[in-house]
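Per chain, numbering begins at 1; letters A, B, ... match sequence-line order.
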Amino acid sequence: MNKIAAPKGTGDIYFPEIGKWQYLEDKIRNYFSRFLYKEIRTPIFEHSELFSRGIGSETDVVQKEMYTFQDKAGRSLTLRPENTASVVRAAIENNLFNEMFPLRFFYIGPMFRYEKPQKGRMRQFHQFGIEVFADKSARVDAEVIYAAFNFLKEIHLCGTEVEISSVGCGQCRPGFLEKLKTAAKEQEKELCGECQRRIETNPLRIFDCKNESCIKISAAFPKMIEHLCGECDTHFAELQTALQVLKVEYKINPRIVRGLDYYTKTAFEITSNQLGAQNAVLGGGRYDNLSNELGGPDIVGTGFAAGMERIILHLQDIDRKQRKTILVAYQNPALLDHALRLCETLWSSGIHAYMEYDAKNLKKQFKKGDRISADYTFILGDEELQHNTISVKDMKAREQITIKQEDLEQWLKTNI
RNA sequence: GUGAGUGUAGCUCAAGGGUAGAGUGCCGGUCUGUGGCACCGGACGUUGGGGGUUCAAAUCCCCUCACUCACCCCA
């Protein structure tokens with residue numbers, strides 16, 4: 001029989017790596033409650049339409065990266081490529097916009113995008129994120145950025161940088177895009193082939209081109225943040241003021257273009273210089289029309305999503321203090337049930353204990369003891385049985401004592 | 001979707017046309033009531049898969065698959 005491997009772009013997470021995941025998840029749950037966020041868990045799959053309408057049917061994510069399938073009733077369903085649209089859907093569906101306060105959610109979970117895997121990019125990957133609703137103020141955007149930045153700081157992820165921008169709104173963006181296209185067309189022949197194609201498909205992407213001459217040329221192109229309408233311009237200015245109040249160091253990067261259509265006004269990214277090509281650790285922004293576009297009330301939102309694999313890639317090894325572990329060993333197989341009884345006593349007291357069931361001799365058991373990093377080994381032999389004692393070996397100190405069965409509880413209290 | 005690199009023992013890697021090797025781990029022994037060291041012995045592979053060239057292929061050629069990295073895009 002041939003082996004079955006995990007599907008491309010997926011993987012198994014287990015010891016010792018799992019320690020980092022548990023650490024990160026604990027931190028998320030703890031940290032964001034500081035800002036009154038409550039966890040929300042939405043389905044892993046949704047109606048495909050939620051994403052095509054929410055994220056935008058022309059985006060790369062929707063056009064070529066979705067895991068879409070039909071269920072047995074012929075419905076088109078899609079494994080979620082991100083969670084914001086789902087959270088908005090859930091809020092609308094459960095009438096949370098009226099019933100909950102504050103309207104603050106955080107989530108942790110797997111997302112799915114059909115992409116070619118590489119460093120920091122998987123087909124099943126994990127994001128955590130936060131969403132705040134019904135607050136139009138630029139200050140809440142700043143708070144979200146502050147919360148994100150400060151979180152990374154608290155988990156000791158160094159080398160991060162905050163970049164902000166504004167992508168405008170329905171008022172100012174269309175006019176700006178026309179101006180940009182016009183400017184790009186004038187220089188069309190000087191741009192690389194890729195960028196010539198982008199003029200029609202996604203002109204904002206020209207700012208992202210790595211080609212040197214394109215960088216030079218596009219530097220002279222109009223920028224969104226220079227063509228914001230009054231409202232967006234004020235919002236962007238207030239955002240910066242609030243970031244200064246919150247002591248968040250940031251850089252304005254007009255090249256930030258979020259790949260999801262729902263963003264309006266504030267857009268931001270936190271990058272890490274420790275990552276490879278996929279240097280975005282976290283990204284987010286404001287989405288003033290998403291609820292409306294999903295058939296809900298006119299409620300604005302703002303938030304971010306962070307890539308957990310990318311964070312874990314640069315997390316230091318977690319030194320979690322392990323509980324003390326006891327190996328229960330027996331001189332010969334005739335004593336197996338006595339050893340098992342002793343194990344049960346330990347387990348029922350909540351102590352980490354382990355025994356081998358088919359070991360012929362003590363030597364073998366001691367070797368296993370090393371593999372489980374046992375702190376102590378309890379030895380049961382004919383002699384111990386006869387005198388109602390247990391021999392206790394301190395594995396590190398390599399010292400051994402003998403205690404009476406009735407003193408076991410006391411010994412455990414002082415040593416474990 | 002495009003490009004590049006890598007696939008050899010459980011793991012890390014040698015061998016670049018001539019009998020597939022080392023380190024580590026594993027099993028056993030020196031040591032039948034005691035692990036980290038040392039020494040001795042043992043098992044291990046259809047060299048990712050398929051085809052071709054050759055007297056002879058892990059090695060050269062073609063195809064395929066997988067992994068990795070990068071482009072694209074994103075977290």
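Nearest to the side chain of Arg398(A), among rG36(B), rA75(B), rG33(B), sits rG36(B). Among the nucleotides rA70(B), rC67(B), rA75(B), the one closest to any side-chain atom of Lys8(A) is rC67(B).
rG49(B) and rA57(B) have their P atoms separated by 15 Å, with the value rounded to a whole Å. For the C1' atom pair drawn from rG25(B) and rU12(B), the interatomic distance equals 11 Å after rounding to whole Å. Remark: the separation of the P atoms in rC67(B) and rC26(B) is 29 Å, to the nearest Å. One P atom belongs to rU54(B), the other to rC11(B), and the distance between them is 36 Å to the nearest Å. Separating the P atom of rC39(B) from that of rC61(B) is a span of 43 Å, rounded to the nearest Å. For rC13(B) and rU8(B), the C1' atoms lie 9 Å apart once the distance is rounded to whole Å. Remark: the separation of the P atoms in rU68(B) and rU32(B) is 48 Å, to the nearest Å. Separation of the P atoms belonging to rG5(B) and rG45(B) is 31 Å when rounded to the nearest angstrom.
Across all strands, Glu384(A) comes closer than 4.0 Å to base atoms (heavy-atom distances). Across all strands shown, Glu383(A) has heavy atoms under 4.0 Å from base atoms, whether or not it also approaches the sugar-phosphate. Residue contacts for Gly120(A): at a heavy-atom cut-off of 4.0 Å it reaches a base atom on one of the strands shown. Residue Leu260(A) is in sugar-phosphate contact alone, with no base atom involved, counting any heavy-atom pair closer than 4.0 Å across all strands shown. Nucleic acid contact class of Met395(A) (heavy atoms, under 4.0 Å, all strands): base. Using a 4.0 Å heavy-atom distance criterion, Gly283(A) is classed as a sugar-phosphate-only contact.
Look at CZ on Phe125(A): it is 6 Å from C1' on rA75(B), rounded to the nearest Å. Distance, Asn279(A) CG to rA70(B) C1': 14 Å, rounded to whole Å. The separation between Phe128(A) atom CZ and rA75(B) atom C1' is 10 Å, rounded to whole Å. For the pair Asn332(A) CG and rU34(B) P, the interatomic distance rounds to 13 Å; values are reported in whole Å. rC73(B) atom P lies 14 Å from atom CZ of Arg310(A), rounded to whole Å. Atom CD of Gln400(A) is separated from atom C1' of rG36(B) by 16 Å (rounded to the nearest Å). Rounded to whole angstrom, the span from the CZ atom of Arg121(A) across to the C1' atom of rA70(B) amounts to 10 Å. Atom P of nucleotide rC73(B) and atom CD of Glu115(A) are separated by 11 Å, given to the nearest angstrom.
Annotation: of the two residues near RNA chain B, Ala6(A) and Arg113(A), the 5′-most nearest-nucleotide partner is Ala6(A). Nearer to the 5' terminus of RNA chain B, by closest-nucleotide assignment, is the contact made by Gly9(A) (compared with the other of Ala305(A) and Gly9(A)).
Using modelled atom types and a 3.5 Å distance limit, the side chains of Thr84(A) and Glu131(A) yield a donor-acceptor pair. Judged by distance alone, the side chains of Thr302(A) and Asp135(A) never bring a donor and an acceptor atom under 3.5 Å apart.
Under the side-chain hydrogen bond (donor to acceptor under 3.5 Å, both in side chains) criterion, Glu39(A) pairs with Arg29(A), Arg41(A), not counting sequence neighbours. With sequence neighbours excluded, no residue satisfies salt bridge (Lys or Arg N to Asp or Glu O under 4.0 Å) with Lys179(A). Applying the side-chain hydrogen bond (donor to acceptor under 3.5 Å, both in side chains) criterion to Thr377(A), with sequence neighbours excluded, gives no partner residue. Evaluation of the side chain to side chain contact (heavy atoms under 4.5 Å, CB included) rule for Pro333(A) yields Leu336(A) as partners, not counting sequence neighbours. Not counting sequence neighbours, the partners of Tyr31(A) by the side-chain hydrogen bond (donor to acceptor under 3.5 Å, both in side chains) test are Asn150(A). Not counting sequence neighbours, Lys324(A) has no partner by the side-chain hydrogen bond (donor to acceptor under 3.5 Å, both in side chains) test.
Contact annotation: Lys64(A) side-chain N/O to rG1(B) OP1/OP2 distance is not under 4.0 Å. Checking the phosphate oxygens (OP1, OP2) of rA70(B), a side-chain nitrogen or oxygen of Gln118(A) falls inside 4.0 Å.
Contacts of residues 31-55 of chain A with RNA chain B (heavy atom under 4.0 Å): none. At a non-hydrogen distance threshold of 4.0 Å, nothing from residues 140-149 of chain A comes into contact with RNA chain B.
Ionic pairing of Glu356(A) and Arg371(A) is not present here: no N-O contact between side-chain nitrogen and carboxylate oxygen is shorter than 4.0 angstrom. Salt bridge annotation for Glu154(A)-Lys27(A): absent, with no cationic side-chain nitrogen under 4.0 angstrom from a carboxylate oxygen.
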Distances for protein N or O near nucleotides 23-32 of chain B N or O, under 3.5 Å:
residue, atom, partner, partner atom, Å
rG28(B), OP1, Lys364(A), NZ, 2.9
rC31(B), O2, Lys363(A), NZ, 3.4

What does the list of N/O pairs under 3.5 Å between the protein and nucleotides 40-49 of chain B look like, with a distance for each?
none

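Surrounding CD of Glu249(A) are at most 12 heavy atoms belonging to other residues, nucleotides or ligands under 6.0 Å away. Within 6.0 Å of the CD atom in Gln171(A), the count of heavy atoms belonging to other residues, nucleotides or ligands does not exceed 12. The neighbour count for Tyr357(A) OH, taken as heavy atoms of other residues, nucleotides or ligands under 6.0 Å away, is above 12.
A donor and an acceptor atom never sit less than 3.5 Å apart when one is taken from the side chain of Gln365(A) and the other from the base of rU34(B). At a cut-off of 3.5 angstrom, counting only N and O atoms as typed in the model, there is a donor on one side and an acceptor on the other between the side-chain of Lys116(A) and the base of rU2(B).
Test Lys64(A), Lys8(A), Arg121(A) against Glu115(A) for salt bridge (Lys or Arg N to Asp or Glu O under 4.0 Å) and you get one pass: Arg121(A).
In RNA chain B, runs of at least 3 stacked Watson-Crick or G-U pairs (N1-N3 plus N6-O4 or O6-N4, or N1-O2 plus O6-N3, all under 3.5 Å) give these stems: B:1-7 with B:65-71, B:10-13 with B:21-24, B:26-30 with B:38-42, B:48-52 with B:60-64.
Taking the six-membered ring where the residue is Trp, the centroids of Phe45(A) and Tyr67(A) are separated by 6.0 Å or more.
Taking the six-membered ring where the residue is Trp, Phe128(A) and Phe32(A) present tilted rings, their angle falling between 30° and 60°. Note: Phe176(A) and His227(A) have tilted aromatic rings, judged against thresholds of 30 and 60 degrees for the angle between ring planes.
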Would Ser272(A) and Thr160(A) count as a side chain to side chain donor-acceptor pair (under 3.5 Å) if you check the C-alpha gap in whole Å, the side-chain angles of each, and the deciding distance to 0.1 Å?
CA-CA 4 Å; Ser272(A) 161; Thr160(A) 58; over 6 Å; no
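Listed by first then second residue, pairs satisfying ring-ring contact (aromatic ring centres under 6.0 Å, His included) with a partner in residues 386-416 of chain A read Tyr376(A)-Trp411(A), Phe378(A)-Trp411(A), not counting sequence neighbours.
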